[in-house]
2 protein chains.
Amino acid sequence: MIGSRPTIEDVARLAGVSRATASRVINNAPGASEPLRSRVQQAVAQLGYQPNETARALASGRQRTIDLIAADYHPDLSPGAHPYYSRVLTGAMTALEGVNVQLRIHVVARKGAAERIDAMAADTTVGAILANVTPDLASRFYSRCRKVVSLVPTAASVPAVEAENINGAYAAVEHLHGLGRRRIAAIHGPGFNTCAIDRRAGYQKAVNTFGLSDISHGGGFTREGGYAAALALLTEHPDLDAIFATCDLMAAGAIQAITSTGRRVPEDVAVIGFDDSFAAICTNPPLTTMRLPTEEMAAAATRLLLAGGVASGLRQRFAVQLVPRESTGRAPK
Amino acid sequence: MIGSRPTIEDVARLAGVSRATASRVINNAPGASEPLRSRVQQAVAQLGYQPNETARALASGRQRTIDLIAADYHPDLSPGAHPYYSRVLTGAMTALEGVNVQLRIHVVARKGAAERIDAMAADTTVGAILANVTPDLASRFYSRCRKVVSLVPTAASVPAVEAENINGAYAAVEHLHGLGRRRIAAIHGPGFNTCAIDRRAGYQKAVNTFGLSDISHGGGFTREGGYAAALALLTEHPDLDAIFATCDLMAAGAIQAITSTGRRVPEDVAVIGFDDSFAAICTNPPLTTMRLPTEEMAAAATRLLLAGGVASGLRQRFAVQLVPRESTGRAPK
DNA sequence: CCTTCTCGTGAGAGCGCTCCCACGTCTATC
DNA sequence: GATAGACGTGGGAGCGCTCTCACGAGAAGG
């Protein structure tokens, strides 16, 4: 990077071998004798040689990059504004540990999304992880480049790593019901988000099963949305004894709203979230939530890509687990 | 990516021009007549041609990648576990909008950090943004590759974009003092973190200025640490009327700890944080905090790199601003 | 009408590496 | 002792692109 870096040519010359032999030693491929090996290694050390990854990629056709595509349809759901993406990042990085592959981040905005997708699909990489990309864009991407894995429920053909959102939402309501709560409202995410759709379905299934009334409100997956929704819900149904917020950020807002009306959490109104993100531990009281194994899912998607085997329609499912804290009653210690 | 993609050669052949002319049109460089221009463009469209960025980078020597290096010295401060990094990401992505440059993320662990640094320094990129990299590693990186910008206070020679941590911490205490609080404790970050060191210095400066006693405790920049620190502080100094937590996550823990002792926030103990991250809006009551302009700083660092002008010792300073919410008293609406 | 300048165009040399293939040399086999 | 096989080694083509340079045609000037 500074001045002109030594090339493999320089190494070969210094070691008195051919470029081919130097390459073999550097990639520790078989077919080089011990004496030459050490001479090359010495030359590498002496020159401080580091292979040029760009040239390597071009010559070998092997790729060293995985793309992480984050959809940015809404400012509040952008990668910087939502804790979700940090976890995706961590999971992907974990799977990449030790493998010489780099993670590249892309944020695709609503406008111009299709063009961006096409350009990225054409780019030569190991593959792409789709975080919160809508099904239509996902299938477009898939048909253009094949090597993609979605982290959210998506078009049937697109390979995906999915959480059991429906079961998870059902379990959340079941937990509340088991605690004796009977007026259980839900705050839902945006309709364009497939996870939000599934969680809503789970809530409705539970409500039907337990013979409760469906008390729903939109909250847009944001803290502000959750706050406003809880306030509206409480005004219209003052007898609510529990709220299921389909993401933690909304649950945090809900707790604040409930408290602001003079009610106590969990004594008067129990609150359960979904995700188990930062937000869950920052609330007061700490939030009972359904843990989405985001890191594990992102890691699985990464490994799938690395292995090269992403068959059309592939589905890998992850269970969602209850994490009891204090917002639904004393947490078991 | 799927099958063999068309190359510029194919485009040139189809358009009946040379590779050089095709390249000119594709990069819309001057020196191509209108008739040929449109013929090439048509060929591009017909073949669905997309340039191979790897080949481009190799041939031109121009780079299309910026590295974001996140140090991972401690599990609780890892990119996935701390809200800070999401904001860095957002800032960098914002600055990259419209520029055809990709962001690459690296997490460097304590062990093997030096080697990773060397390898990355050798890699051909536009440059690197150092988030929370220790001064010694930063200067090593800098001496190896030159094109780096640190986001935290660092070695003198290394270019950096810095927040006014000292002044910010001072202002936080000043705010508390202005509210009539006199027993103001602080919960500090880890000693290896340069931001933590500066914030501590700011606290001490304020304490001296206002003639208060220095009541400090470590909290490791984590929620758990903040919780434990507040509890310890309250036990040893039951008369505390304010806590300055040098990051929001610790402040969130502190609020929970204070509440658990039966005290009220802000009536009995006022709490002020630092950062203005997710955590600040999730606490109950919402957290008064010092806003660190992380997004702006990351964007500035990115632009510096893009412009190519990172002079040794460069310093770009950012002010830290008070964001009054409810944890220090009724927020001015 | 010849020179000079301009400008569009294509040939071709790389960028730094990988990898196939041909060429020894050395040992095993009949 | 001739032949086959194994193995280490280097030559060189080529990955897909950019970019310099030389060339030829047309416009401008004396």
Side-chain angles (χ1 to χ4, degrees), chain A residues 1-41 43-44 47-65 100 119 121-126, chain B residues 1-41 43-44 47-65 100 119 121-126:
Chain A
M1 224 162 180
I2 176 169
S4 58
R5 293 168 44 195
T7 70
I8 199 171
E9 191 77 55
D10 300 321
V11 172
R13 200 178 313 117
L14 182 60
V17 301
S18 71
R19 225 167 48 254
T21 299
S23 176
R24 282 186 201 104
V25 175
I26 289 163
N27 295 288
N28 55 80
S33 65
E34 203 34 66
L36 291 199
R37 271 209 130 71
S38 60
R39 256 160 61 201
V40 170
Q41 277 156 354
V44 164
L47 294 171
Y49 170 78
Q50 297 273 14
N52 178 323
E53 291 296 339
T54 307
R56 255 189 180 169
L58 182 60
S60 68
R62 227 174 289 119
Q63 299 309 138
R64 313 256 54 137
T65 307
N100 180 21
D123 216 355
T124 49
T125 66
V126 174
Chain B
M1 222 158 181
I2 177 168
S4 59
R5 293 167 46 194
T7 71
I8 199 172
E9 191 77 55
D10 300 322
V11 172
R13 201 177 314 117
L14 182 60
V17 299
S18 71
R19 222 164 54 250
T21 299
S23 175
R24 283 187 198 100
V25 175
I26 290 162
N27 295 288
N28 55 76
S33 65
E34 202 34 65
L36 291 199
R37 273 208 127 68
S38 58
R39 255 162 58 201
V40 170
Q41 279 157 353
V44 165
L47 294 172
Y49 171 78
Q50 298 272 13
N52 178 323
E53 293 295 340
T54 306
R56 254 188 180 171
L58 181 61
S60 67
R62 228 175 288 118
Q63 300 308 141
R64 315 256 54 136
T65 306
N100 179 23
D123 217 355
T124 50
T125 67
V126 173

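Atom set for the values below is all heavy atoms of this structure, side chains included, hydrogens, waters and symmetry mates excluded. Proteins get letters first, then strands, A, B, ... in listed order; numbering begins at 1 in each. Quick caveat, the model's predicted, so the values are computed rather than measured.
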What's the closest nucleotide to the [X] side chain, out of [options]?
| X | options | answer |
| --- | --- | --- |
| B/Ser60 | C/dG10, D/dG16, D/dC19 | D/dC19 |
| A/Ala59 | D/dG11, D/dT18, D/dG14 | D/dG14 |
| A/Ala20 | C/dT9, D/dG10, C/dG10 | D/dG10 |
| A/Ser33 | D/dT9, D/dC17, C/dC17 | D/dT9 |
| A/Ile8 | C/dT9, D/dC17, C/dT18 | C/dT18 |
| B/Leu58 | D/dT9, C/dC17, C/dC15 | C/dC15 |

Classify the nucleic acid contact of A/Ala57 as base, sugar-phosphate or nothing, counting any heavy atom under 4.0 Å across all strands shown.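 Nothing, no heavy atom under 4.0 Å.
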Once you apply a heavy-atom cut-off of 4.0 Å, does B/Gly61 come out as touching a base, just sugar-phosphate, or nothing?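 Nothing, no heavy atom under 4.0 Å.
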Item checked: Considering all heavy atoms, the nearest A/Val126-A/Gln63 contact ->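 Shortest heavy-atom contact: CG2-O, 3.4 Å.
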Nearest heavy atoms of B/Tyr49 and B/Ile8, plus distance in Å: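 Taking B/Tyr49 first and B/Ile8 second, the nearest heavy atoms are CE1-N, 3.4 Å.
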Test item: B/Val11 and B/Val40 side chains (from C-beta on) under 4.5 Å apart, heavy atoms: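 Counting from C-beta outward, B/Val11 and B/Val40 do come under 4.5 Å.
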Measure from [atom1] on [X] to [atom2] on [N] and round the result to the nearest Å.
| X | N | atom1 | atom2 | answer |
| --- | --- | --- | --- | --- |
| A/Arg39 | D/dG10 | CZ | P | 8 Å |
| A/Arg37 | D/dG8 | CZ | P | 9 Å |
| A/Asp10 | C/dG16 | CG | C1' | 10 Å |
| B/Arg56 | D/dG16 | CZ | C1' | 11 Å |
| B/Ile26 | D/dC17 | CD1 | C1' | 10 Å |
| B/Arg24 | C/dC7 | CZ | C1' | 11 Å |
| B/Glu9 | D/dC15 | CD | P | 9 Å |
| A/Arg19 | D/dG12 | CZ | C1' | 8 Å |

Most 5' of B/Ala32 and B/Ala55 on DNA chain C, judged by nearest nucleotide =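 Closest to the 5' end, via its nearest nucleotide, is B/Ala32.
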Legend entry - Option passing side chain to side chain contact (heavy atoms under 4.5 Å, CB included) with A/Arg39 (candidates A/Val17, A/Leu14, A/Thr21):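 Exactly one pass, corresponding to A/Val17.
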Under-4.0 Å side-chain N/O to phosphate OP1/OP2 contact, [X] with [N]:
| X | N | answer |
| --- | --- | --- |
| A/Thr7 | C/dG16 | no |
| B/Ser23 | D/dT18 | yes |
| A/Asn52 | C/dC15 | no |
| A/Thr21 | D/dT9 | no |

Using only modelled atom types and a 3.5 angstrom limit, is any donor from either the side chain of B/Arg5 or the base of D/dG16 paired with an acceptor on the other?
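When only heavy-atom distances are counted, B/Arg5 does not reach the base of D/dG16 through any donor-acceptor pair under 3.5 Å.
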_Is it the case that D/dT18 (base atoms only) and B/Arg62 (side chain only) share a donor and an acceptor within less than 3.5 Å, ignoring hydrogens and angles?_
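Such a pair does not exist between side chain and base.
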Checklist entry - Say you draw a straight line from CG of B/Asp10 to CZ of B/Arg19; how long is it, rounded to the nearest 0.5 Å? => result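 Going from CG on B/Asp10 over to CZ on B/Arg19, the span is 11.5 Å.
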Exercise. Would you confirm whether B/Arg5, through its side chain, and B/Gln50, through its main-chain N or O, come within 3.5 Å as a donor-acceptor pair?
Key: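 Such a contact is found between B/Arg5 side chain and B/Gln50 backbone.
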